[in-house]
Amino acid sequence: MSDSKDLRCINTIRTLAADVVFKANSGHPGAPMGCAPMAHVLFTKHMKFNPENSAWPNRDRFILSNGHSCALQYILLHLLGYKITMDDLKTFRQLDSICPGHPENYMTDGVEVTTGPLGQGISNAVGLAIAEAHMEATFNKDSFKIIDNYTYAILGDGCLQEGVASETASLAGHLKLGKLIALYDDNSIQIDGSTDLSFTEDVLKRYEAYGWHTLSVGDGDDDIEGITNAIAEAKKVTDKPSIIKIHTTIGYGSSLQGTEKVHGSSLKDDDIVNVKTKFGFDGNKKFYVPDDVYDFYAEVKKQGAKHEAEWNESFNKYSEKYPDLAKEFKRRFAGELPSGLEEAFPRYKPSDPATATRKLSETLLNAIADKLPELIGGSADLTSSNLTRWKGAVDFQPESTGLGNYSGRYIRYGVREHGMAAISNGIGAYGALIPFASTFLNFISYAVGASRLSALSHLRIIYIMTHDSIGLGEDGPTHQPIETLATLRATPNTLVLRPADGNEVSGAYLVALKNSTRPSVIALTRQNLPQLEGSSIENVFKGGYVLQGSNKPQIILVATGSEVSIIVDAAKELEKKGISARIVSMPSMELFEEQEQSYKESVFPEGIPVLSVEAMSTFGWSRYAHASIGMKGFGSSAPYEKLYERFGFTPSNISEKAQKTLEFYKNRAVPHLIAQPF
Ligand SMILES: Cc1ncc(C[n+]2csc(CCOP(=O)(O)OP(=O)(O)O)c2C)c(N)n1
Ligand SMILES: *[C@@H]1O[C@H](CO)[C@@H](O)[C@H](O)[C@H]1NC(C)=O
Ligand SMILES: *[C@@H]1O[C@H](CO)[C@@H](O)[C@H](O)[C@H]1NC(C)=O
Ligand SMILES: *[C@@H]1O[C@H](CO)[C@@H](O)[C@H](O)[C@H]1NC(C)=O
Ligand SMILES: *[C@@H]1O[C@H](CO)[C@@H](O)[C@H](O)[C@H]1NC(C)=O
Ligand SMILES: CC(=O)N[C@H]1CO[C@H](CO)[C@@H](O)[C@@H]1O
Ligand SMILES: CC(=O)N[C@H]1CO[C@H](CO)[C@@H](O)[C@@H]1O
Ligand SMILES: [Mg+2]
């Protein structure tokens, strides 16, 4: 194909981008117009994918990390024959459109991950490249390259300024992810104006120092051959990720090109006419794609189907030679858990020793790790505290380090919580793997930029968060989570699980594994907890349940995690005073909310006051509890027993508050909190 045909395609993308944003009267024309050449070259001369089957396992992955330029992605997907019509493009950014304001993986065929919050996409790409390397090491056999594909990302100045991108670039360099290729849209412009305002470092030197292979293309507006060759060069370097700095002009073609004015608002009508005329198009035709341009992309699509058909053939031969591996491959990509997995989950009796839930979590991971080979993850430099590395685990490392290999499933994240969560999202988005990420519960605050996206993107990420309250003791307020659970519980599509003992730990993990379209945060203690009478794996599925106590109670005590055994003791004190109490364990408010109203009312019957106890902010408990014991400040540094006394989480403090609650409601009606009009 001649350069001129490529330029015609590229200019079609540019004019369409101007039309799409103009019609929506909202969006970002500048980056799509500037990035059109690199995107066109990437999709038509390098990437392998099949628009007919966007789920083909061995496709190259593409991430648009500067998600604001998504008009570009939608246009390319349309031209290439994915399930996006011209009419869909005309509904850009409108209600129920499959072309939303930023790319959403669950809405649009061919979109691998949700992007828009800058820095996340390129970090997801690191996760996708880790997943690819791991799958390759696990499934490829002699001549069979069942998995051998690339992860590509386009990113802009904004992504490169974000801290999370630095965290993940540093790890990607260490891990020598040779099949990760990033295309940097170096246009020297961002919203405030020139990058001279705040971004003057030598980006490629920084990436070189991270261990990346760096390249640059001087003229990213016209030099198609230069971009093509640079990507080819990048592919040849297999022991380092590559970044190609491509100098472009934002809004190329517009009278305002090269300025921040084309970043985030539509071009004016007459400017669009000018752009089209300049590129040799009819200035008055809107949403116009020349037939030969459609034909060009149709040919690319045909090639894509051919690539998949060849892969299918190769996979069929592989299946004959390695039937077990092939079956396993299919199971994993179908997202099915291994049969018989549940039997491996430990169960406990009340006579079993008191143990920290983080330790029970370690026991569980040891019991299931071999039976669940898709489990992959690690900790942000707290392995010995968080106890997430199972016996016999192999580190995910480049073989040259002598520390592990790519078939390893334990990832050493370093102290990079935000990057860890963003990478987990990428691994989750690859499919066939179940990522977990671990740190102290309080430090999930560092990662919320990404964990929020786990929820938005419907990804099953298991956050194993230890040291889950003031119960961590001496490390003090800097490490003690207070508002954390309320934040997580306020996040849609996120399961928060705070198990109270061994059975609940097993239940929490099983729920997390079975909920394949949302992340779970499992909050675990540092301190030992007794095994409770009445707990079970199955009870956790209901979110909250009656653990012990009276059928006709005067008061209900409800708690989570480490506070459950304390309310059990508080109830004993109340009993001595002739007050009957019911004990409710509430490992997950979200699961409880999903139960039938009649079940919820059976746990919290009308007319009986409820007192909640949780060593956290009480925010959120008022939907069940008439009174709450919780944390008002940030905690303190001391042995944890002293802190539980100081902040009122002892059986006697609780029984005293329970009596006050009963006293208060003696001559008042008890509101029925869980009654809902709709
Ligand atoms: C985390 C985050 N912060 C802020 C924004 C808002 N925002 C969108 S684009 C942008 C400027 C990005 O500059 P650049 O990547 O150079 O994009 P260009 O102007 O070149 O298209 C900002 C601040 C965002 N999307 N995500
Ligand atoms: C490859 O095989 C899958 C699964 O059998 C099938 O869905 C797909 O259509 C095939 N692709 C091609 C291009 O033949
Ligand atoms: C990876 O390392 C482990 C542990 O040393 C070893 O058992 C395994 O065979 C290695 N796998 C590959 C693919 O080299
Ligand atoms: C989450 O897991 C629970 C327990 O297995 C189950 O009842 C529920 O249906 C699951 N929800 C989703 C959305 O998968
Ligand atoms: C808990 O009880 C002790 C002993 O009665 C008392 O000194 C302390 O003030 C109480 N703490 C709180 C927070 O109520
Ligand atoms: C199986 C398959 O199609 N593999 C391809 C993955 O991508 C590289 C580079 O584009 C190709 O060389 C492989 O053939
Ligand atoms: C920092 C921290 O909490 N370290 C703990 C890690 O785990 C070991 C073993 O349980 C504890 O002794 C450390 O205090
Ligand atoms: Mg820019």
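Just so you know, ligand 1 is whichever comes first in the structure, and atom 1 is the first atom listed for that ligand. Predicted model, so just to flag it, every value in this text is computed and none were measured.
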Name the orientation class of the two ring planes belonging to Phe436 and Tyr410 (parallel below 30°, tilted from 30 to 60°, perpendicular beyond 60°).
tilted
Taking 2.8 Å as the cut-off, does an N/O/S atom of Asp157 lie below it from the Mg ion (ligand 8)?
yes
Any chance the rings of Tyr406 and Phe396 have centres within less than 6.0 Å?
yes
Please verify the inter-ring angle class for Tyr665 with His626; under 30° counts as parallel, over 60° as perpendicular, anything in between as tilted.
perpendicular
Near Asp192 CG, under 6.0 Å, is it more than 12 heavy atoms from other residues, nucleotides or ligands?
no
Heteroatom test (N, O or S) for Asn187 near the Mg ion (ligand 8), limit 2.8 Å
yes
Ring centroid separation Tyr184 to Tyr207 under 6.0 Å:
no
Are His102 and His68 close enough, and set up right, to give a ring-ring contact (aromatic ring centres under 6.0 Å, His included), and what steps lead you there?
CA-CA 6 Å; His102 289 87; His68 59 277; 7.3 Å; no
Measuring to the Mg ion (ligand 8), does Ile189 have an N/O/S atom at a distance below 2.8 Å?
yes
Please work out which of the three classes, parallel, tilted or perpendicular, describes the rings of Phe329 and Trp311, given edges at 30° and 60°.
tilted
Neighbouring protein residues of ligand 5 - any heavy atom closer than 4.0 Å:
Arg646, Phe647, Gly648, Asn653, Lys657
